[in-house]
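Proteins come first, then strands; the chains are lettered A, B, ... in the order of their sequence lines, and each starts at number 1. These values consider heavy atoms only, across backbone and side chains, with no hydrogens, waters or symmetry-generated copies.
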2 protein chains.
Amino acid sequence: MNSFNILQQITSALESLNRSERKVADVILSDPQAATRSSIATLAKAAQVSEPTVNRFCKRFNTAGFPDFKLNLAQALASGVPYVNRNVEADDTADSYSPKIFEATIASLAYAKEKISPAVVNRAVDQLIQAKQILFFGLGASGPVAQDAQHKFFRFNIPVAAYDDVLMQRMVAAASGTGDVIVIISYTGRTRELVDIAELARASGATVIGITAPNSPLARHCTVVLDVEAPEDTDVYMPMTSRIVHLTVIDILATGVTLRRGPDFLRHLKAIKDSLKETRYPAEPRV
Amino acid sequence: MNSFNILQQITSALESLNRSERKVADVILSDPQAATRSSIATLAKAAQVSEPTVNRFCKRFNTAGFPDFKLNLAQALASGVPYVNRNVEADDTADSYSPKIFEATIASLAYAKEKISPAVVNRAVDQLIQAKQILFFGLGASGPVAQDAQHKFFRFNIPVAAYDDVLMQRMVAAASGTGDVIVIISYTGRTRELVDIAELARASGATVIGITAPNSPLARHCTVVLDVEAPEDTDVYMPMTSRIVHLTVIDILATGVTLRRGPDFLRHLKAIKDSLKETRYPAEPRV
DNA sequence: TGGAGGAGGTAAGTTTCTTACATATTTGTT
DNA sequence: AACAAATATGTAAGAAACTTACCTCCTCCA
């Protein structure tokens, strides 16, 4: 991977640049989009430095030269990953905070996309496909994620349930056994109760799949861990992007299970979907 | 905007290209990433055509020339928007379906980001901030979304509830009145029951905010409609990306309400968050 | 079968980028 | 304070990349 987002690199290196390079950086940051379209001569003139200075600037950021630099810049801009501090600020209006929230969400998905290990996904799907019963556990903001997962997996006609309170989770974990798969969803992986419950479930012989932070206490008690790294806490004291990544991981698991089931199974899903038709107003013709 | 995604344009224009240009297109599509790094000479050689042919190819796609073309290409690649048919296929493995799912999710968020109207967000926040009581309604896959919203808005110490079954929704809608805000979440906007419920709620004097498809039957009965356009049904008979967009819209509404409440309120949120500390294992030092 | 029009190539010209080298500026040392 | 060393920046030439103008060849139709 492309050593993530050259714009951020520039921003964070600003202090350590010397005078001329600083001028170049300022010009680029003031309008990165324009920078991608301009020639080295234009940019040098705008920054009031010589062309080789711009070239050296590019090399400092591990690019082959100016054209390569522009390419990286273009990609950084297109990736939707914000380059300056794009946290929501107290004086933001709807114009500014809604794109910020979309961007932050997109950025964490892009990050998770790179980080997720297909091998681990496969192992999780292996377990799910063999399960006699699947149980989804989540607390707080992860409660609805567990519900959502139940809603998805219910269609596989395997017994499936979701629990969002500690007492039920504990009882169910204790009562579980070989062939049961418990999927625990936790952003931090540091909720004591859930760690206990994972331990309990393992002791009873159940398989535990964790959708949680890598190397967390919870992760250590799981049979399979789907790492979802906890990004910095950019939101206003509420879990926002994390649960969306969790949901996407659930989608991936559901897709994995669907594909393993093969084409006959797709027909079964279609039947379920069709059964909803009558509850709906007919679709209107597209304009 | 950049007349979205040059790779898709190339793919769809494939048929209409003449022999040499077709060769160029093939080389580019076979490894677009490589194309962004190569010179016009390299690419011409790879496609076994002359350099001007490549140049003409670029101009055909409304770019100024080869460098500009490469820039567009780089952005298309980085945007995460898939360029070929990136639907999950029956023979996909975890290597291929997990990135596809991430990409599809990112693409719908990117789309929604452009489509959402800050003015409408503002009107929705206006309603929510004045609400005596907020109620979130969702059925099926939108049930968990409503739960999630409840979980978020609960922190605002306004009375808030979520309902995911039709009977309760109907009763609550009938019992509602002025000052109550009902947020109805529906992907299609064509579920008969929910349309009835919206009508009922309006008749009782409640404000109805819809997070649903534009111009749908449901949308017509709402006080404020947050459009979330229904993308083509790319997933395997399950709602996937739609509910993630809905959740993000909820995040935006919650953020809007938080900001309107002002700085004192942030302290209140922090207190709630801190209250969870004791239920956790301490964070481990970062490596 | 010949001519018109399009497709594609050649080669020269132009722009853009890079390198080598020279000059200036800063920093540290005595 | 003054000099040396290291670093920073610019100049100019050369190389690479890109574009344009023009020419040839092929195809298709009368």
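Across all their heavy atoms, B/Ser216 and B/Thr188 have their closest contact at CB-O, 3.6 Å.
Residues of residues 39-49 of chain A having a heavy atom closer than 4.0 Å to DNA chain D, listed by number: A/Val49. DNA chain C lies under 4.0 Å from at least one heavy atom of each of the following residues of residues 51-59 of chain A: A/Glu51, A/Pro52, A/Asn55, A/Lys59.
Listed by chain and residue number, A/Arg60 satisfy the salt bridge (charged side-chain N to carboxylate O under 4.0 Å, His left out) test with A/Glu21 (two or more places apart in sequence, or in another chain). Partners of A/Phe61 by ring pair (Phe, Tyr, Trp, His ring centres under 6.0 Å), not counting sequence neighbours, listed by chain and number: A/Phe57. Considering only residues two or more places apart in sequence or on other chains, A/Phe102 meets the ring pair (Phe, Tyr, Trp, His ring centres under 6.0 Å) condition with none of them.
Using a 4.0 Å heavy-atom criterion, one finds that A/Ser20 contacts the sugar-phosphate atoms exclusively. Across all strands shown, B/Lys70 has heavy atoms under 4.0 Å from sugar-phosphate atoms exclusively, and none from any base.
The CZ atom of A/Phe66 sits 16 Å away from the P atom of D/dA17 (whole-angstrom rounding). Put simply, CG on B/Asn18 is 13 Å from P on D/dT27, counting in whole angstrom units.
Nucleotides of DNA chain C lying under 4.0 Å from heavy atoms of chain B occupy a range whose first and last members, 5' to 3', are C/dA7 to C/dA11.
The pair A/Asp31-A/Arg37 does not count as a salt bridge, with every side-chain nitrogen at least 4.0 angstrom from each carboxylate oxygen.
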